[in-house]
> 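Here it is: the structure, laid out below.
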Amino acid sequence: MKITNAKVIVSCPGRNFVTLKVMTDEGVFGLGDATLNGREKAVSICLEEHILPSLIGRDPANIEDIWHFFYKGAYWKRGGVNMAAISAVDTALWDIKGKVLGAPVYNLIGGRSRERIMVYAHVTGRDAEETAEQAKGAAAAGFRAVRIQSGIPGIDHTYGVPGGRAPYEPAEPGLPKEYFWDTSRYLNFIPKLFSRVRQACGDELHLLHDVHHRLTPIEAARLGRELEPFHPFWLEDPVSGELQEGLRLLRAHSTVPVAIGEVFNTMYDYTTLISEQLIDFIRLPPAHGGGITHALKTAAFASAYHIQTGYHGATDISPVGLAAALHCDLALNNFGIQEYMPHQEIVREVFSWNYEYRDGDMHLAERPGLGVEIDEAKAKKYLYRCASLPVNRKMDGTLHYW
Ligand code: KDG
Ligand code: MG
């Protein structure tokens with residue numbers, strides 16, 4: 001069997017997605033998600049100019065060899081753009097393998113380890129009161145885990161909280177917007193938010209929160225310690241992950257579980273974090289972390305240290321990327337939880353998929369390969385639109401992490 005052609009499909013049904021389609025001489029094709037929010041064109045050029053010409057002619061069965069060809073062969077290893085491109089190739093090859101063998105991908109990587117995949121919902125409110133009400137509503141609708149993000153007194157715009165009635169979408173049309181941030185107001189408020197939500201929802205609902213990289217290690221340690229009475233399921237990206245050693249400080253002061261790595265791109269970004277047990281959940285999903293091949297290795301490394309998966313699943317992971325994560329979620333013994341932020345309805349015009357949310361869990365139907373299709377004619381109707389993630393400044397104008 002040979003790869004005869006491959007193409008990159010950039011489409012914007014409500015938001016931009018970059019999808020790779022790899023075709024073979026036997027008519028079987030595979031899909032991979034190459035979406036990197038705000039850097040879509042960089043990945044599509046990387047694929048078209050630097051990767052696909054060397055992919056054509058290879059045997060799609062040899063996934064491990066092809067992975068190393070593009071990883072080691074790039075010489076400039078790692079990096080978000082390169083790894084998103086490699087992830088898409090790898091995922092498409094697993095899709096092909098599944099279709100050729102007539103098996104869902106999860107059956108090729110160990111089979112079912114569980115009946116269903118626990119997901120967490122996004123719960124937001126303009127203030128603690130509204131967030132608590134929304135959390136109660138989500139629990140009543142069947143969710144057993146919710147991520148709580150709230151407007152903060154004295155800060156005009158907070159990460160994760162939509163301005164109007166539209167669902168939250170991280171990238172906004174045009175060039176990056178600039179928002180303002182105040183760490184001390186944030187730190188004073190979040191324990192009050194957790195207290196209010198616990199009061200409204202009781203003890204059983206799993207509560208998660210995304211700090212979105214904004215604290216220093218000692219600030220994160222303070223927050224972790226103050227949230228302990230409310231036993232969060234996790235605190236996500238409490239500090240920017242570049243300084244892996246920084247997590248030692250948080251660990252020294254708090255038992256709050258930590259999830260990190262949605263902006264990482266290989267297992268090498270995790271070496272200190274995993275081997276020193278400084279975190280509890282890995283966030284790096286197959287779509288950005290080297291595809292299914294490398295995700296399995298990262299998960300195996302984590303499992304030796306009792307660390308679980310909690311894959312990133314925001315709307316900028318396409319249905320193809322989410323399906324790749326769900327196949328791993330179903331098969332991995334050290335699965336923890338999966339993020340679920342539903343795509344807008346309009347996305348169904350371009351993609352169809354085999355996963356379904358029911359009663360707090362995601363369920364995967366038995367279909368060969370990944371189980372996701374793309375309608376190329378419809379995809380063409382939705383032209384790419386420039387959209388960017390915002391940036392954050394401290395109140396005095398200093399550029400900070402968003
Ligand atoms: O593109 C950026 C988003 O994926 C990110 O802001 C979402 O942090 C996020 C999350 O946890 O879903
Ligand atoms: Mg996050």
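Any value given below was found using the heavy atoms of this structure, including those in side chains, with hydrogens, waters and symmetry copies removed. No experiment lies behind these values; they were computed from the predicted model shown. Both counts, for ligands and for their atoms, begin at 1 and track the order of listing.
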> Take the Mg ion (ligand 2) as the centre and count protein N, O or S atoms at distances under 2.8 Å.
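With waters ignored, the protein N/O/S count below 2.8 Å is 3.
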> Does Lys77 make a cation-pi contact with Tyr268, if we ask for NZ or CZ under 6.0 Å from the ring centre and within 45° of the axis?
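So Lys77 doesn't make the cation-pi contact.
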> Would one find more than 12 heavy atoms of other residues, nucleotides or ligands at under 6.0 Å from atom CZ of Arg222?
yes
> Does the cation-pi check pass for Arg214 over Trp181, that is, NZ or CZ under 6.0 Å from the six-membered ring centre and within 45° of its axis?
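Yes; both conditions hold, so Arg214 lies above the ring face of Trp181.
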> Let me know which protein residues bring a heavy atom to under 4.0 Å of ligand 1; chain then number is fine for ordering.
Asn37, Arg147, Tyr159, Pro170, Asp210, His212, Glu236, Glu262, Arg283, His312, Ala314, Asp316, Glu339, Leu389, Trp402
> Ring centres of Phe233 and Phe281 under 6.0 Å apart?
yes
> State whether a side-chain donor-acceptor pair under 3.5 Å links Ser254 with Glu228.
yes
> Can you check whether His327 and Tyr106 have ring centres sitting under 6.0 Å from each other?
yes
> Before you tell me yes or no, could you show the steps for Asn82 and His50 under side-chain contact (heavy atoms from CB on, under 4.5 Å), namely the whole-Å CA-CA distance, both residues' side-chain angles and the distance that decides it to 0.1 Å?
CA-CA 10 Å; Asn82 194 42; His50 305 296; over 6 Å; no
> Find out whether the Lys NZ or Arg CZ of Lys394 is both under 6.0 angstrom from the six-membered ring centre of Phe180 and within 45° of the ring's axis.
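Not flagged: Lys394 not positioned over aromatic ring of Phe180.
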> Could you tell me if the side chain of His400 sits less than 4.5 Å from the side chain of Arg393, heavy atoms only?
no
